[in-house]
There are 2 protein chains.
Amino acid sequence: MRANTVYKRAYNQCLDILAGRPLGAWPVSEARLAGLLAVSRTTVRAILASLDEREILRGAGGARALHRLPDPRDYFPDRQTETVAQAVARRFMQWVLEGDCRPGQTISALDLARRFGTSTTAVREYLTHFARFGLIERRQNSGWIFVGVTRDFATEIYEVREMFELRSARAFIALPGDDPAWADLDAIEREHHRLLRDPDGRDTDFARLDERLHRLVYDAARNRFMREFYDLIAFVFHYHYQWNKADERERNRVALEEHLVYIAALRSRDARAVDAACRAHLRTVRATLLRSIGPEPARAGVLSRPASGPA
Amino acid sequence: MRANTVYKRAYNQCLDILAGRPLGAWPVSEARLAGLLAVSRTTVRAILASLDEREILRGAGGARALHRLPDPRDYFPDRQTETVAQAVARRFMQWVLEGDCRPGQTISALDLARRFGTSTTAVREYLTHFARFGLIERRQNSGWIFVGVTRDFATEIYEVREMFELRSARAFIALPGDDPAWADLDAIEREHHRLLRDPDGRDTDFARLDERLHRLVYDAARNRFMREFYDLIAFVFHYHYQWNKADERERNRVALEEHLVYIAALRSRDARAVDAACRAHLRTVRATLLRSIGPEPARAGVLSRPASGPA
DNA sequence: AGGCTGATCTTTATGCACAAAAAACCCAGC
DNA sequence: GCTGGGTTTTTTGTGCATAAAGATCAGCCT
């Protein structure tokens, strides 16, 4: 049976709104509340009915009034406000990143469904969606194969990334001076200096900042294909990041320095300098990734072994 | 209930094999037959049992013998050998190309399921898969929207296409002289001359030849992301081709001429000439596409007005 | 030994029917 | 034109049946 997560999320959100209100009249129409919570009126009615039953609200229509303030026990726990699809996505990522999953390994949808406590349909839906990244492949009537980030995969992705990012950087320096992207760039630069001064931040601080900078550049291209491609890059980055903790501190420092050169080049609007800084940085990043993957095992053992049957 | 299309397809294929055999001994092991038909031994066993029941085969193991030749009535009709997934894909394409679908229109999975005579699950699976092209978008808890080939979409796709194709063409001219791609290129060139001499071929002849040439170039990049991107280009090309029949003959002639220049440049291995020819051709193609889309209605009505299709 | 065959058994993918959640629709009354 | 009530449709998710793949094993022939 389908879970009513939309209702619960919207209900919680509604409590937040009410929490800041004085007791008494609160004449908000169903339609207006629906717009506010970004849900349908059907859901709003369910919420109002529930609030009425709990005697938080009273009356109807223009005569609706806030009767008592909500307290923490009125809220639904966070766990219950997550869609099944979201839960599957989260748990799959977690499962992959925990490393139970090696390149060339087969993935059983049924097994994942049991692991995640959902139906196979939910898992299947996620896998078909995730397959767009090319990290998993479907074997007809058989199952899924985790391709993983092989050496070829990494090389190919970085070939495309270089093209896209150079192009985007060119578009970036062509942005008008009053474009909000420039302010974002300033903020990002400040964060870089902060992180360089205090390198003891959490692991994810650098990763997040890195993504923020590159996405900002990518967005300048105003091209949905380039933008979407960055989703893949980001995943590969995080995936690889999880696996290669060696020299992490030093690597991050180098990357931050390169970013600062890149940022300065962007601000100078000198196309040649931008190209150089971008190329240099991407070369470093690619080298790091390839090093963490290690040498390819003679091109044979990746896909040939698990394919014992006629597939 | 799951349909046994794999079995039926393999069964038909098996009849084909038997049709060319003399009556008498036919000692082919189950495992070998499984490899031959590219199915599991479980399916082979079902096929053998069926052939035995119909008295086409007799005996077992080394003593298996062909008792009578199969006749046309033994075959399963083609209609039944198609997977549900394949059927949905085919019928969706047909539905889109028939033009029941305008940019900005919502798509109901339930409606499609009824139309195609399948379950909603099959349709959903296909839609999530097809969404990778960006031609349709999912609205959470609501449905799908057919984005279609808008002016922005076309501009963005061609920006990427130019990057990819220039890169691929560069890779192409770096191929060793004995690479089979050169022979393919020769064959494609001959087809071009044939089509120019006899322009009364079927509509799809040109489309197919165009795809063959461009895919050949793309493959030279040895990059899965570029290769996959061509799937999208091909779809957009066919989609648009369906809608713009004006000046078709003349457009095709121009394209064929440009292709010949492109091919000559590739064979000359002159990077500059290749760039020029490739750029010139892509400019033409993009202009054609944009003309067929028509002017964008002031950036506002894209999603609000269901009218103003690509025709 | 070791690979092949045929038989039996187990597991997984595929596809559908169905239930509830949530959106979308219609409509009278103000 | 907005409000709120009732109704219809669609999406989301689950459970389940069957097709098909995969695993296991005893016998048999080199």
Side-chain angles (χ1 to χ4, degrees), chain A residues 1-10 27-34 38-48 60-62 64 83-88 106-114 117-127 138-144 306-311, chain B residues 1-10 27-34 38-48 60-64 83-88 106-114 117-128 138-144:
Chain A
M1 180 174 52
R2 184 179 179 184
N4 52 350
T5 56
V6 172
Y7 158 74
K8 287 175 177 168
R9 207 165 35 237
V28 175
S29 77
E30 291 181 357
R32 198 169 298 274
L33 192 54
V39 297
S40 71
R41 264 186 62 211
T42 307
T43 305
V44 166
R45 281 185 218 165
I47 292 171
L48 288 177
R64 211 189 312 281
T83 305
V84 170
Q86 289 171 336
V88 169
T106 61
I107 298 174
S108 156
L110 188 60
D111 177 52
L112 286 186
R114 276 194 290 251
T118 58
S119 69
T120 53
T121 312
V123 172
R124 231 160 75 201
E125 173 124 353
Y126 178 75
L127 290 179
R138 188 180 208 146
R139 287 267 181 280
Q140 200 57 234
N141 280 317
S142 163
W144 298 82
S308 59
Chain B
M1 179 176 52
R2 185 178 180 185
N4 52 351
T5 57
V6 172
Y7 158 72
K8 287 176 178 170
R9 210 166 30 240
V28 175
S29 77
E30 290 183 355
R32 198 167 298 275
L33 193 54
V39 296
S40 73
R41 276 182 58 206
T42 307
T43 306
V44 165
R45 280 174 51 79
I47 293 171
L48 288 177
R64 212 192 309 283
T83 305
V84 170
Q86 290 171 335
V88 169
T106 62
I107 297 175
S108 156
L110 187 60
D111 178 50
L112 286 186
R114 277 195 288 252
T118 57
S119 70
T120 53
T121 312
V123 171
R124 229 160 77 201
E125 173 126 352
Y126 179 74
L127 290 179
T128 39
R138 188 181 207 145
R139 288 267 181 280
Q140 199 56 237
N141 279 316
S142 162
W144 298 83

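Just so it is clear: chains get the letters A, B, ... in the order the sequence lines come, proteins before strands, and each one is counted from 1. FYI, side chains are in, hydrogens and waters are out, and symmetry mates aren't considered; it's all heavy atoms of this structure.
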Report the distance from atom CZ of B:Arg45 to atom P of D:dA19, rounded to the nearest whole Å. 15 Å
Between A:Gln86 and A:Glu30, just flag the one whose closest nucleotide in DNA chain D comes earlier from the 5' side. A:Glu30
For the side chain of A:Thr5 and the base of C:dA21, is some donor closer than 3.5 Å to an acceptor across the two? no
Taken to the nearest whole Å, CG/B:Asn4 to P/C:dG15 is 12 Å
Taking atom CD of A:Glu125 and atom OG1 of A:Thr120, what is their separation to the nearest 0.5 Å? 11.5 Å
Answer yes or no: side-chain N or O of A:Thr42 and base N or O of C:dA23 forming a donor-acceptor pair under 3.5 Å. yes
Ignoring backbone atoms, establish whether B:Thr120 has a side-chain N or O less than 4.0 Å from OP1 or OP2 of C:dC16. no
Which residues pass the side-chain contact (heavy atoms from CB on, under 4.5 Å) test with B:Arg2, sequence neighbours left out? A:Asn141
Quick one: which of C:dA13, D:dT3, C:dT5 gets closest to the side chain of A:Leu110? C:dA13
For A:Ala3, report the nucleic acid contact type (base, sugar-phosphate, nothing); a contact means any heavy atom under 4.0 Å. sugar-phosphate
Heavy atoms under 4.0 Å, any strand shown: does B:Gln140 hit a base, just sugar-phosphate, or nothing? sugar-phosphate
From CG of A:Leu48 over to C1' of C:dA22, roughly how many Å is that when rounded to an integer? 15 Å
Look at B:Thr118 and C:dC16 and indicate whether a side-chain polar atom (N or O) is within less than 4.0 Å of OP1 or OP2. no
Distance criterion of 3.5 Å, no angle test: do you see the side chain of A:Ser142 paired donor-to-acceptor with the base of C:dA13? no
For A:Tyr7 and C:dA21, give me the distance from atom OH to atom P, rounded to whole Å. 10 Å
Without decimals, in angstroms, what is the distance between B:Asn141 CG and C:dA24 P? 9 Å
Does A:Arg41 contact D:dG5 through a side-chain donor or acceptor facing the base, at a distance under 3.5 Å? yes
Within the 4.0 Å heavy-atom criterion, would you say A:Ser108 contacts the bases, only the backbone, or no part of the nucleic acid? sugar-phosphate
How is B:Ile107 classified with respect to the nucleic acid when contacts are heavy atoms under 4.0 Å: base, sugar-phosphate, or nothing? sugar-phosphate
Tell me whether the OP1 or OP2 atom of C:dT14 has a side-chain N or O from A:Arg138 closer than 4.0 Å. yes
Listed nucleotide nearest any side-chain atom of A:Ser40, set C:dG6, C:dA23, C:dT12: C:dA23
Nearest-nucleotide wise, let me know which of A:Ser29 and A:Ala122 is further upstream toward the 5' end of DNA chain D. A:Ser29
Base of D:dG13 paired with side chain of A:Arg124 (donor-acceptor, under 3.5 Å): no
Using whole Å, what does the distance between atom C1' of nucleotide D:dG22 and atom CG of A:Asp111 come to? 15 Å
Side-chain-base donor-acceptor pair under 3.5 Å for A:Arg2 and D:dT14: no
Any side-chain heavy-atom pair from B:Arg138 and B:Thr128 closer than 4.5 angstrom? yes
Figure out the CD/C1' separation between A:Glu125 and C:dC16, and round it to whole Å. 16 Å
With a 3.5 Å distance limit and no angle check, can you tell me whether B:Ser29 reaches the backbone of B:Arg32 through a side-chain donor-acceptor pair? yes
Are A:Arg139 and A:Thr106 side-chain neighbours, meaning at least one heavy-atom pair lies under 4.5 Å? no
Looking only at non-hydrogen atoms, find the nearest pair between A:Glu30 and A:Leu48 and report the distance. CG-CD1, 3.8 Å
Over how many whole Å does the gap from B:Arg139 atom CZ to C:dA21 atom C1' extend? 20 Å
